[in-house]
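Notes follow once the structure below has been shown.
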Amino acid sequence: MLDIQLLRTDLESVAARLLARGFSLDIAAFTVLEAERKAVQTRTQELQAKRNATSKQIGIAKSKGEDASAILAEVATLGDELKAAEEKLAVIQAQMQDFLQNVPNLPHESVPVGRSEEDNVEVRKVGTPRVFDFEVKDHVDVGAPLGLDFDTGAKLTGARFTFMKGPMAKLHRALAQFMLDVQTNEHGYTECYTPYIVNAETLRGTGQLPKFEADLFAAKKGGQEGEGEALYLIPTSEVTLTNTVRDEIVAAEDLPIKLTGHTPCFRSEAGSYGRDTRGMIRQHQFDKVEMVQIVHPEKSYEALEEMVGHAETILQRLGLPYRVVSLCTGDMGFGAAKTYDLEVWLPAQNAYREISSISNCEAFQARRMQARFRSGQGKPELLHTLNGSGLAVGRTLVAVLENYQNADGSVTVPPALRPYMGGLEKLA
RNA sequence: GGAGAGGUGGCAGAGUGGUCGAAUGCGCUGGACUCGAAAUCCAGUAUAGCGGUCUCCGUUAUCGAGGGUUCGAAUCCCUCCCUCUCCGCCA
């Protein structure tokens with residue numbers, strides 16, 4: 001959520017900056033709503049003040065044993081107008097809230113301007129794609145004999161669910177543990193175990209709601225019909241890790257807060273049908289090791305670069321070639337002020353594919369969450385929040401299978417993972 | 001799932017219709033005392049919003065959340081959420 005103060009004072013330039021990311025701010029609607037708000041709020045508060053003052057006098061009169069009926073008659077006429085004004089104000093404020101909740105974050109000045117993926121800017125390329133002396137198979141074909149089973153996933157649940165067995169399941173677990181160990185032991189993140197099901201307020205905090213409900217899975221208690229608050233499966237543990245500071249005022253000394261966790265992620269991704277239908281690139285359920293940092297506003301861009309490095313470490317240790325891309329204004333997510341994607345080399349696709357996305361949301365989420373910090377005797381200030389994958393486990397598995405495949409159908413275990421695989425060097 | 005008790009400021013805890021944004025204690029900040037410290041004393045100490053003559057003044061809202069009764073609600077009524085204790089069940 002943007003600072004409404006900014007919209008009031010600098011509407012035109014906010015609109016211009018949002019246009020760069022393809023969002024057209026309804027200036028007229030805002031202006032009308034804001035004018036109405038001001039008039040109704042002022043009037044409402046006048047009436048409330050009058051009511052409060054009069055009621056107080058009634059109290060004083062009665063306590064002295066005086067007759068209060070004259071004052072009582074005076075305030076009696078206030079009721080209807082006050083009630084109408086309060087109701088109208090509530091409607092306007094709800095409309096304003098709804099308006100603000102649907103406006104995306106402002107892009108940072110360093111973000112390249114562009115319309116789509118095409119306009120993203122490559123920052124650096126690391127590692128050299130391996131040259132194969134045989135015809136490479138994609139991860140579906142490499143994985144099948146090793147326990148990567150899409151048919152069973154489809155039988156149990158439906159399309160875009162995967163079942164893994166034997167070496168595949170073990171490799172998957174090894175990857176997650178390796179990532180978690182690096183982030184906690186070497187990069188200073190605190191390991192967390194979080195709920196996989198959250199309430200709507202939590203999703204509003206990080207910006208998935210109200211705008212992106214169609215991308216989520218909802219859950220209800222067995223046998224329950226409609227009643228009760230809706231709960232949702234987390235689409236990423238950014239949601240749970242970031243919301244730990246919702247409605248909190250943390251001490252400045254406790255910053256930065258660095259959290260990590262390994263969780264499944266559930267995404268219905270309505271609208272992505274037809275894309276990446278083969279294999280486990282795009283699933284309704286996948287695992288991810290997430291990094292979240294909650295920092296002082298002045299430190300957030302420093303933290304962003306640092307987090308990109310934390311994610312890169314994983315790829316480097318696994319010996320996977322990748323590139324770092326700075327997303328353009330048109331390709332960034334709703335809450336991000338700046339985003340870097342890490343794209344890993346997939347030989348079967350002969351392309352780099354997204355494996356991590358690291359964003360600085362500045363105060364966008366913090367404002368929604370009322371997540372603040374206080375230094376000394378100062379006023380509470382909004383924090384900055386950052387999140388990034390370190391990394392997506394499923395896609396990393398895909399990358400390992402494709403990059404480490406051998407002519408005989410076996411897959412070499414990257415040395416970094418061997419301690420997690422009982423020293424195993426090859427999957428066959 | 002059954003029975004009961006609760007949710008009040010940074011914390012503890014009082015307040016069952018009226019000058020209550022809320023006693024008191026602790027904590028914290030400033031000051032006095034002191035060579036300095038402790039102790040003691042004095043003062044201050046929530047958040048958000050709105051308006052203005054905008055380092056200040058005025059005003060509104062907030063006592064788990066939402067609704068209701070009332071001129072007036074922390075206090076009464078309804079719904080929901082959460083916590084605790086005991087029993088049951090379960091991993």
Go ahead and name the base partner of rU40(B); Watson-Crick or wobble counts if both distances stay under 3.5 Å, otherwise write none. rA32(B)
Quick check on the 6.0 Å ring-centre criterion: do His384(A) and Tyr301(A) meet it? no
Could you work out which one of rA48(B), rG18(B), rC50(B) sits closest to the side chain of Pro380(A)? rA48(B)
More than 12 heavy atoms of other groups within 6.0 Å of Lys258(A) NZ: yes
Any base atoms under 4.0 Å from Glu248(A), or only sugar-phosphate, or nothing? Heavy atoms, all strands. nothing
Do the ring centers of Phe30(A) and Phe99(A) come within less than 6.0 Å of each other? yes
Out of rG18(B), rA48(B), rA61(B), whichever nucleotide has its closest atom nearest the side chain of Asn52(A): rA61(B)
Identity of whatever pairs with rC71(B) - Watson-Crick or G-U, under 3.5 angstrom: rG18(B)
Of all heavy-atom pairs between His284(A) and Ser268(A), which one has the smallest distance, and what is that distance? CE1-O, 3.3 Å
With a non-hydrogen cut-off below 4.0 angstrom, is Arg372(A) in contact with a base, only sugar-phosphate, or nothing? sugar-phosphate
Can you tell me which nucleotide in rG52(B), rU60(B), rG18(B) comes closest to the side chain of Lys38(A)? rG52(B)
When only distance counts, do a donor and an acceptor, one from the side chain of Gln45(A) and one from the base of rG51(B), lie under 3.5 Å apart? no
Listed nucleotide nearest any side-chain atom of Arg8(A), set rA61(B), rC50(B), rG18(B): rC50(B)
Just call it for Lys56(A): base, sugar-phosphate, or nothing, with non-hydrogen atoms closer than 4.0 Å on any strand. sugar-phosphate
Checking base pairs now: Watson-Crick or wobble, both atom distances under 3.5 Å. What partners rU59(B)? rG49(B)
Lys83(A) has its side chain closest, among rU69(B), rC50(B), rC71(B), to rU69(B)
Any strand counts, and the cut-off is 3.5 Å on both contacts for Watson-Crick or G-U wobble. Which nucleotide pairs with rC84(B)? rG4(B)
